[in-house]
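Predicted model, so just to flag it, every value in this text is computed and none were measured. Start at 1 and go down the list; that is how both ligands and their atoms are numbered.
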Amino acid sequence: MIYKNYPMVSRVVFGRGSFNQLDEILSPKRKGRNAPFIFYVDDVFKGNHWLTSRITLSYKDKIIYVPTKEEPKTSQIDQLVEDIILEYSELPSGIIGIGGGIVMDIAKAVSLMLTNKGNSKDYQGWDLIKQPAIYHVGVPTISGTGAEVSRTTILTGPERKLGINSDYTPFDQVILDPELTKDVPKDQWFYTGMDCFVHCIESLNGTYLNAFSESYGEKAYELCKKIFLEDSLSKEEAQDKLMMASWHGGMSIAYSQVGVAHALSYGLGYLLGIKHGVGNCIVFDHLEDYYPEGVAQFKKMKAKHNIELPQGICADLEDYQFDTMIDVALSLEPLWENALGKNWKTIATREKLLSLYKKM
Ligand code: NAD
Ligand code: ZN
């Protein structure tokens, strides 16, 4: 048995208002006046003085606002990297992602592709990255994905939706300021928060489970139940705790895997562009055969917060489209093996997946 030797985020600051310290965290990392800091910021914050006034631009630093209607594509990453290379004479001092999973993944991917030659699609997979990334910083503004702590950046390429998983992917620095999440719309709060809940359920019920994953998964699960099923927390406490649940949920899957919901949700994402959070919810709602207790709790949470999930999204699909989704889902072998064990192929048949997709 060879045990994986994983890297982790090397520095983290936590606290309401900790985003004020961005400047003093970055300045020692500046490599010179021709090596800028590039800030990718979710375009929902364009014109938001409360947030953007705390980003100080010096020399050639730049803020790039990123639309987040669609999840990141490999072609988009390649373009962003090319833009930087054409515009500056030196590599940046750092790449900072301020936003949800989309913007954090963009920051991670750009920082990797600035030092690794070629196209980002060629690095989708496990441990294909050879060179360390540019210094990169993650600042989540919505909680749940665990992207702030993970060793992957999930991209949609021409052939697949798959992460760049590598030892160089995790952030060098994360700023956890729960106050930044205060204006997240309710539905989105639920969808992204449920990503964390689903990470816990898939990790805790997986065959890859071990004490490392379990300890983080149990903590995140307990926090999710408090946040989404009880009324005991103030708004601020709930924001603080969801940020930590996301972190722990991410840590839990670091040393295990996700499962059925993520596999099927990747299929929806690839074919229909359904986003990760809502996609997981749409899928998870139908997974009572695999995760009976988790799905029962999920349904309670959904009812408590009056969430209406999109229905009938697969109603008008053709056979070949179902086939594409099934191919994408079944290609994620580690997820199925974690969920169902070594003999997963006898349980997760194409017919079974088809019947599940047809319910959505
Ligand atoms: P997101 O980045 O898609 O953002 C969702 C929406 O919330 C956007 O419209 C955004 O503008 C808005 N938003 C974010 N912060 C806000 C704020 N403070 N106030 C108001 N609106 C705000 O959402 P997400 O669920 O965090 O991320 C999903 C993405 O993360 C997907 O691309 C998925 O593939 C990726 N992901 C990555 C990992 C990883 O480990 N790298 C894990 C899970 C998911
Ligand atoms: Zn997820």
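- When hydrogens are left out, the protein atom nearest atom 39 (C) of ligand 1 is Ser150 OG, 3.4 Å; that is the closest non-hydrogen contact.
- Among the atoms of Lys161, none of the N or O lies under 3.5 angstrom from an N or O of ligand 1.
- The one candidate from Ser18, Ser246, Pro140, Ser143 that meets the side-chain contact (heavy atoms from CB on, under 4.5 Å) condition with Leu176 is Pro140.
- Ion pairing between a basic and an acidic side chain is recognised when a charged N comes within 4.0 Å of a carboxylate O; Lys182 and Glu179 show no such pairing.
- Here Asp195 has side-chain heavy atoms under 4.0 Å from ligand 1, and that is the only part of it that gets that close.
- Ranking the protein heavy atoms by distance from atom 38 (C) of ligand 1 puts Ile154 CD1, 3.5 Å first.
- Note on Arg350 versus Asp327: salt bridge recorded, some NZ/NE/NH1/NH2 to OD/OE distance being below 4.0 Å.
- Aromatic ring pairs are classed by plane angle as parallel below 30°, tilted from 30° to 60° and perpendicular above 60°; the pair Tyr6 and Tyr255 is perpendicular.
- Nearest to atom 2 (O) of ligand 1 by heavy-atom distance, out of Ile102, Ile98, Thr181, is Ile102.
- When only interatomic distances are considered, the shortest N/O to N/O separation between Gly101 and ligand 1 falls below 3.5 Å.
- By the 4.0 Å heavy-atom criterion, Pro72 is counted among the residues contacting ligand 1.
- With ligand atoms numbered from 1 in the order given, ligand 1 contributes 18 (N) to contacts under 4.0 Å with heavy atoms of Leu180.
- Residue Lys275 has at least one heavy-atom neighbour below 4.0 Å for each of these atoms of ligand 1: 3 (O), 5 (C).
- The aromatic rings of Phe190 and His305 lie tilted to each other, with the angle between the two planes from 30° to 60°.
- Proximity of the aromatic rings of Phe212 and Tyr216 is defined here by a centroid distance below 6.0 angstrom, and this criterion is met.
- Side-chain N/O atoms of Ser203 and Ser213 include no donor and acceptor closer than 3.5 Å.
- Glu148 places no side-chain N or O within 3.5 Å of a backbone atom of Gly138 that could act as its donor or acceptor partner.
- For the Zn ion (ligand 2), the neighbouring protein N/O/S atoms at less than 2.8 Å, given as residue and atom, are Asp195 OD1, His199 NE2, His262 NE2, His276 NE2.
- In this structure, Glu288 has no salt bridge (Lys or Arg N to Asp or Glu O under 4.0 Å) partners at least two apart in sequence or on a different chain.
- Looking only at atom types and distance, the side chain of Asn116 has no donor-acceptor partner in the side chain of Lys130 under 3.5 Å away.
- For ligand 1, the atoms lying closer than 4.0 Å to a non-hydrogen atom of Asp183 are 19 (N), 20 (C).
- Closest approach of Tyr357 to Leu264, counting heavy atoms only: OH-O, 2.8 Å.
- Relative orientation of the Phe37 and Tyr135 rings is perpendicular, given thresholds of 30° and 60° on the angle between their planes.
- Inclusion of Asp105 in the set of residues having an N or O under 3.5 Å from an N or O of ligand 1 is warranted.
- Ring geometry for Phe197 against Tyr221 counts as parallel: the plane angle stays under 30°, on a 0 to 90° scale with 60° as the upper cut.
- Remark: Asp127 engages Arg151 in a salt bridge, criterion side-chain N to carboxylate O under 4.0 Å.
- Distances below 4.0 Å separate heavy atoms of Ala147 from the following atoms of ligand 1: 37 (C), 38 (C), 39 (C), 40 (O), 41 (N).
- Residues Lys275 and Tyr191 form no side-chain contact, since every pair of their non-hydrogen atoms from C-beta on lies 4.5 Å or further apart.
- At a 3.5 angstrom cut-off on N or O pairs, Thr141 counts as close to ligand 1.
- What sits closest to atom 31 (C) of ligand 1 on the protein, heavy atoms only, is Glu71 OE2, 3.1 Å.
- Assignment of Tyr191 to the shell around ligand 1 is not supported, since no heavy atom sits closer than 4.0 Å.
- Heavy atoms of Pro185 approach ligand 1 to within less than 4.0 angstrom.
- Heavy atoms of Asp42 found under 4.0 angstrom from ligand 1 belong exclusively to the side chain.
- Ligand 1 has no N or O atom lying under 3.5 Å from any N or O atom of Lys182, backbone or side chain.
- A cation-pi arrangement is found for Lys161 relative to Tyr266, the charged atom lying closer than 6.0 Å to the ring centre and inside a 45° cone about the ring normal.
- The protein heavy-atom contact nearest to atom 7 (O) of ligand 1 is Gln188 CG, 3.4 Å.
- Heavy-atom proximity to atom 44 (C) of ligand 1, evaluated over Lys69, Met194, His276, is greatest for His276.
- Residue-to-ligand polar distances keep Thr145 apart from ligand 1: every N/O pair is separated by 3.5 Å or more.
- Heavy-atom proximity to atom 17 (C) of ligand 1, evaluated over Val184, Thr68, Asn280, is greatest for Val184.
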